[in-house]
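Shown next, in structure tokens, is the structure this report addresses.
So you know, we letter chains A, B, ... as the sequences are listed, proteins then strands, and number each from 1.
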There are 2 protein chains.
Amino acid sequence: MSVQERKERERAGRERLIVATARELAEQQGWDAVTTRRLAERIEYSQPVLYSHFRGKREIIGAVALLGAAEMAAELRAAARAADGPRARVTALARAYLDFAERNPAVYDAMFQLDGGLAFAQEDTPEPLKDAFAALLETLGEVAGEGVHPGLFTEVFWAALHGLATLTRAGRQPPADAERRVELLVDRLAVL
Amino acid sequence: MSVQERKERERAGRERLIVATARELAEQQGWDAVTTRRLAERIEYSQPVLYSHFRGKREIIGAVALLGAAEMAAELRAAARAADGPRARVTALARAYLDFAERNPAVYDAMFQLDGGLAFAQEDTPEPLKDAFAALLETLGEVAGEGVHPGLFTEVFWAALHGLATLTRAGRQPPADAERRVELLVDRLAVL
DNA sequence: TCGATTGTCTAGCGGTGCTAGGATCGCGGC
DNA sequence: GCCGCGATCCTAGCACCGCTAGACAATCGA
């Protein structure tokens, strides 16, 4: 059995390599540059090897998205934990979210802009995605205000953050006032 | 001179045909289906003709985006005009925005998701884009609240709307509660 | 040691955006 | 009315894309 186990380990390692390389390439040169040929060359295997791990390019994007969701959830929780009081927590959460989107644009795109073939907002949604939403909910739930469903409030707050993240990065909004926009958002949306 | 004028008219007409056809095709089958070959076939010309009007596919997307921006600005103003009082106006504006995004997903993508090679939030931003933002500003400026810059407030409100529009359409948020999210957004963000 | 299975690669399919170069059409001057 | 010429358009092709069939090699169990 040891032989088979070793092979499975190697296989799993190569799969991680594929995902990590795809992410790296996407962050360096954008998702357009992540072609199956280039990706195969970087991992030093031929193209068809990719298809023995993933159904296609879409699934590779999905794998990067899941990785990113887990990472984001961890960062959001760390930011919230480091702040005292509801107001500071919400502000820290919002900053951490936008910060993640800015530092990992390709990963953020994989999660929310591109089609990674993932299910959202339903039962068979992968765990990391649900958990990232849960990380938002944990902090935002306590400032939803009376009579407002925490989940609904989190959705609205998240949408606002997502809008700020994408519009700023795409050059649709001036980057200079980003911090002031966050403060306004927190001041108005959260019930403190 | 008449001959030359006629030629220019025909040329302008064909350019409109290209943009309208691209939009139509994108709304019917998504932007992925808008290939230069298919587009050329639909307008009953060969591919290179497209390149005598536009630098490339990106510019065609940009042209659709400009068309959409003008349309959206008109719809936003109409919705605001039909409502009485600040609160009703803001709600109507928000609904009109989300409605436009839902009814014209491909055009909305051309404006805010895809790269149409357009400049945003700077001096050489095309007029229709500035005007669409102005349409938002006209209604939202009056509910920004004291001491809050109307432009900044509009940016935040717009970001929230954009987030709701994209996340809902991409299946990232359950469509059922869309209306309740809008109400919550208006209640919290606007100072009435 | 041999046969079978697993794994990997080469080569190729139909598609993409875009362009070079040749053919054809219609204009203005004689 | 005819003809040369410039504008206009199309055919054919480039390099690249995602993806896959089938040949080949390496490794395993008997």
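- With hydrogens and angles left out, the side chain of B:Q47 and the base of D:dC10 share no donor-acceptor pair within 3.5 Å.
- One can place CD of B:E15 at 13 Å from P of D:dC9, the figure rounded to the nearest angstrom.
- Using the six-membered ring where Trp is involved, B:Y97 and B:Y108 have ring planes that are perpendicular, over 60° apart on the 30 and 60° scheme.
- Between the C1' atom of D:dC19 and the CG atom of A:L50 lies a distance of 11 Å, rounded to the nearest Å.
- In terms of phosphate contacts, A:T36 brings no side-chain nitrogen or oxygen within less than 4.0 Å of OP1 or OP2 of D:dC19.
- When rounded to the nearest whole Å, the span between CZ of A:F54 and C1' of D:dT20 equals 18 Å.
- In this structure, A:K57 places its NZ atom 17 Å from C1' of D:dT20, rounding to the nearest Å.
- In terms of position along DNA chain C, the nucleotide closest to A:E44 lies nearer the 5' end than the nucleotide closest to the other residue of the pair B:A33 and A:E44.
- Cation-pi geometry between A:R14 and A:Y45 is met: under 6.0 angstrom from the ring centre, within 45 degrees of the axis.
- Within 4.0 Å of A:R58, counting heavy atoms only, lies no atom of the nucleic acid at all.
- A salt bridge links A:R87 to A:D187: at least one charged side-chain nitrogen sits closer than 4.0 Å to a carboxylate oxygen.
- Phosphate contact (OP1/OP2 of D:dA7, side-chain N/O of B:R11, threshold under 4.0 Å): absent.
- B:I43 places its CD1 atom 12 Å from the C1' atom of D:dC9, with the value rounded to the nearest Å.
- If you measure from atom CG of B:L39 to atom C1' of D:dC10, you get 16 Å, rounded to the nearest angstrom.
- For A:Y45 and D:dT20, the OH to P distance is 21 Å, given to the nearest whole Å.
- A salt bridge is absent between A:D124 and A:K130; no separation between the charged side-chain nitrogens and carboxylate oxygens falls under 4.0 Å.
- Each of C:dT10, C:dT8, D:dC9 was ranked by its minimum atom distance to the side chain of A:P48; first place goes to C:dT10.
- Side-chain proximity of B:S46 to the nucleotides D:dA21, D:dT11, C:dG17 is greatest for D:dT11.
- For B:R37 against C:dG17, a side-chain-to-base donor-acceptor contact under 3.5 Å is present.
- Residue-level contact check: A:R38 touches the backbone only, with heavy atoms under 4.0 Å from sugar-phosphate atoms and none from bases.
- The CZ atom of A:R55 sits 18 Å away from the P atom of D:dG18 (whole-angstrom rounding).
- Remark: the B:R181 side chain and the B:Q173 side chain contain an N/O donor-acceptor pair separated by less than 3.5 Å.
- Proximity of B:T35 to the phosphate of C:dT16: a side-chain N or O atom is located under 4.0 Å from OP1 or OP2.
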